[in-house]
Amino acid sequence: MKRIYTIVLLTVFLFPIYAGYGYSAYGKEPVGIDFFTKVRSISNLKENKGDIFFILRQPDLEGDTYRSDLYQLVDGRELRLTSSENVSDYFFLDDTIIFKSIRDEKDKERLKKGERLTIFQKLTKGYQEATEWLRLPYAVKDIRLIDGNRFFFTASYRLVPKEESRTEVLKDIKENGRYRIFDELPFWSNGQGDISGTRTHLYYYDKGKITDLSDSLETVSDIELSPDKKHLVYIRKTYRRKASQDNSLVSLNTGTLEKKEWNLFNKAVYSQIQFADNNEFVVLVNRSLERNKQENPEFYRLNLSSGNIKGIYDGDLYAIGNSIGSDIKSGGRSKITFDKDGFNFVSTVIDQAPLIHINNKDTSISVRSPENISINDYVPYKDGFLVVAMAEQQGEEVYFLNSKGEISLFTSINTALFENHNVVKPIEIKFRNEDGRELNGYILPPANYKKNEKYPAILNIHGGPKATYGTVFFHEMQYWANQGYAVLYTNPTGSNGRGNAFTDLRGKFGSVDYNDLMAFVDAAIEQVPFIDRERLGVTGGSYGGYMTNWIIGHTNRFKAAASQRSISSWISFSNTSDIGHTFTESYIGHNLWTNSELLWEQSPLKYANKVNTPTLFLHSDQDYRCWLVEGVQMYYALQYFEVPSRLIIFNNENHELSRSGKPTNRIKRLDEITRWFQKYL
């Protein structure tokens with residue numbers, strides 16, 4: 001792959017400078033605990049008639065929230081177009097920009113009382129003050145325009161039992177807090193709360209008339225219009241009581257509203273629909289349920305006229321999407337774009353997130369972006385692409401990627417901030433696991449460390465398990481490095497980026513992944529001289545929390561641990577998590593009733609009587625992914641066996657606390673973990 005050529009990026013490579021294992025960054029500020037609040041993330045990158053737009057989001061520490069607004073790139077500088085501070089998406093209607101925003105205080109009060117309302121604002125050419133375009137009595141999720149008078153949209157819909165009236169149900173919702181009623185599985189969802197009886201319906205808006213196109217038990221996602229606006233394709237799931245793991249593919253004639261369901265495979269999971277032309281689209285199909293194994297989705301092309309479906313890539317080595325972890329990057333939907341030779345998408349390759357191209361004729365694969373840049377979003381632009389990316393240890397910026405694979409910087413949104421702080425450059429560590437496979441990981445050395453001195457080290461384990469650590473900036477790790485710790489991180493078996501076989505942890509939790517992590521720690525201690533092997537700590541969240549719980553039950557080499565939003569028992573997890581029954585069967589291969597012994601064997605709680613490591617547990621009371629009981633059980637066990645331990649529960653936070661929780665709680669979380677390691681390391 002090619003180097004990054006632009007002169008502007010020289011600063012990225014020239015700082016920090018390190019010689020041997022010494023580090024120098026004179027005159028720079030330390031990366032503090034609140035550094036993330038100064039970083040702006042970039043999302044929803046779009047191009048319209050040569051103009052470039054995006055949303056900037058930044059934590060607001062004083063208001064303990066996040067501000068997000070729409071910007072246009074003008075002469076290399078970001079021009080703010082909105083002032084509502086809550087813009088999450090937008091679309092174009094001719095020369096008008098439409099976005100969702102509630103501005104009037106009375107409307108905000110209606111929302112607080114449980115009323116469903118979406119208000120669209122519009123910015124006309126010249127982009128002066130926004131005015132109201134349309135209001136709908138629905139909680140609109142997604143929208144696809146035919147024109148200004150006709151469009152399709154999805155919105156939440158609540159099932160009403162026959163014995164109850166809609167008035168009674170809505171009254172209960174408005175008076176929420178008195179009780180909660182569940183009668184379906186899943187009954188809650190992380191980040192959404194209670195979802196029992198909730199569906200997402202498809203609606204058609206025609207000059208003020210709204211038609212519900214969904215069956216009452218149906219939930220709809222991934223709506224996409226063909227370029228000529230004659231076909232709408234979407235994904236549907238219909239269920240009563242328990243949601244199935246698979247879904248189905250539906251096309252709709254926008255003129256007649258006639259539907260057709262495509263039964264292409266047995267037990268398939270469809271996602272990521274994108275039209276290649278007026279009659280054909282690419283769709284990802286995951287057939288893991290049918291084949292009874294873990295694997296990446298495959299790329300298929302479906303012709304609506306002929307019904308022909310053609311497999312074009314198995315998705316093995318290059319799965320769609322950027323799974324590189326960072327606590328400062330934006331989110332965004334993975335997308336596919338087309339050119340005359342084939343199609344493009346962002347993938348995760350070992351520890352990078354490049355732009356991949358697949359040729360239509362021979363399905364040959366090429367990498368279109370240079371090394372050491374992880375792409376979070378992109379759009380075709382001129383003879384190349386605009387990309388939102390993180391280069392080296394910088395924050396997100398917009399770059400131009402030309403047809404030769406060279407990039408140039410288009411924005412300086414975060415550049416000055418990072419240049420003025422003591423950002424540490426990672427050192428790569430290579431090692432072999434028990435299967436003889438060469439893997440790699442990284443160490444952030446302590447900032448300003450001195451030769452011939454030993455420093456405590458923290459092993460940080462990512463979530464997933466199908467997530468990935470890359471070479472991009474990670475605030476919590478840079479903070480620890482600036483506090484005098486070496487920080488170790490790697491991608492053990494189960495991580496994304498190395499193909500289906502490597503990611504398959506089915507029934508292997510706590511074995512090959514544990515051995516990989518220990519082999520990495522051994523290699524890190526051997527290859528760099530500044531790690532104090534007697535002062536090692538371990539932490540991680542979600543799957544990383546599971547592995548932290550597992551590690552302390554299988555070795556005493558770590559002197560302190562911080563287990564975050566963890567899993568302690570597959571038995572309780574499978575019957576409480578919002579994804580419990582699906583995830584456990586997919587990754588363990590069994591459920592409580594088919595092989596409870598295996599679930600218990602691979603549960604850290606079983607080994608809690610062997611733990612001697614002082615452990616801090618952090619959990620959120622609205623974490624429905626790894627429910628509160630997972631942290632409580634492990635904490636309870638350590639207290640029972642008189643192991644030094646502490647439990648911190650964050651109120652009104654969910655599984656995303658470390659990435660999108662309230663800024664003050666994010667700071668509190670990081671401070672508590674750091675203090676714990678300071679106490680024991």
Side-chain angles (χ1 to χ4, degrees), residues 1-4 12 271-272 282 284 286 294-299 312-326 329-337 342-359 362-378 384-385 387-394 396 399 401 403-407 426 428-433 435 437-442 462-474 489-505 513 516 520:
M1 288 189 263
K2 301 180 181 65
R3 288 177 59 88
I4 299 176
V12 175
S271 63
Q272 304 290 350
V282 169
L284 297 189
N286 191 312
Q294 278 292 324
E295 59 186 8
N296 294 326
E298 300 174 69
F299 292 73
I312 48 180
Y313 176 56
D314 63 9
D316 183 5
L317 290 177
Y318 300 98
I320 192 168
N322 178 346
S323 63
I324 304 292
S326 174
K329 80 172 188 178
S330 60
R333 176 187 171 191
S334 301
K335 54 190 172 188
I336 300 168
T337 61
F343 63 95
N344 312 280
F345 61 94
V346 174
S347 183
T348 302
V349 181
I350 303 180
D351 52 18
Q352 307 291 324
L355 185 63
I356 300 297
H357 182 265
I358 295 185
N359 189 282
D362 56 9
T363 66
S364 59
I365 298 172
S366 58
V367 178
R368 291 200 151 179
S369 55
E371 287 183 338
N372 296 326
I373 182 167
S374 288
I375 298 173
N376 299 328
D377 195 5
Y378 81 101
F385 303 91
V387 301
V388 175
M390 299 175 73
E392 296 285 333
Q393 292 291 307
Q394 291 282 285
E396 287 183 321
Y399 300 86
L401 172 65
S403 58
K404 297 179 181 179
E406 303 163 343
I407 69 167
E428 186 175 16
I429 299 293
K430 293 186 178 181
F431 66 101
R432 291 192 180 275
N433 67 6
D435 295 328
R437 181 166 189 165
E438 184 177 84
L439 302 176
N440 71 326
Y442 295 91
H462 67 60
K466 200 176 175 181
T468 320
Y469 278 140
T471 57
V472 301
F473 183 93
F474 214 112
Y489 52 103
T490 188
N491 298 310
T493 300
S495 305
N496 196 13
R498 294 182 184 269
N500 286 331
F502 188 80
T503 61
D504 187 10
L505 260 186
D513 47 357
D516 284 358
F520 167 63

Are a donor atom and an acceptor atom from the side chains of [X] and [Y] found within less than 3.5 Å of each other?
X: Asn500; Y: Glu295; result: no
X: Ser369; Y: Tyr378; result: no
X: Asp351; Y: Tyr442; result: yes

Thr468 side, atom OG1; Ile324 side, atom CD1 - distance, nearest 0.5 Å: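 The CD1 atom of Ile324 is 4.5 Å from OG1 of Thr468, to the nearest 0.5 Å.
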
Taking side chain as C-beta onward, heavy atoms only, is [X] less than 4.5 Å from [Y]?
X: Thr363; Y: Tyr313; answer: no
X: Asp377; Y: Lys335; answer: yes
X: Ile375; Y: Tyr399; answer: no
X: His462; Y: Asn496; answer: no
X: Glu371; Y: Gln352; answer: no
X: Lys329; Y: Val472; answer: no

Identify, with sequence neighbours excluded, every residue that meets side-chain hydrogen bond (donor to acceptor under 3.5 Å, both in side chains) alongside Thr348.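 Partners of Thr348 under the side-chain hydrogen bond (donor to acceptor under 3.5 Å, both in side chains) test: Ser323.
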
Check side-chain hydrogen bond (donor to acceptor under 3.5 Å, both in side chains) between Ser364 and all other residues, then give those that pass, not counting sequence neighbours.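 With neighbours one apart ignored, the set is Asp362.
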
Using the ring centroid of each side chain, check whether Tyr489 and Phe474 are separated by less than 6.0 Å.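 Aromatic pair excluded; centres sit 6.0 Å or further apart.
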
Chi angles and distances behind the side-chain hydrogen bond (donor to acceptor under 3.5 Å, both in side chains) call for Gln294, Asp504: CA-CA 6 Å; Gln294 278 292 324; Asp504 187 10; over 6 Å; no

Considering all heavy atoms, the nearest Asp516-Asn433 contact: OD1-CB, 3.0 Å

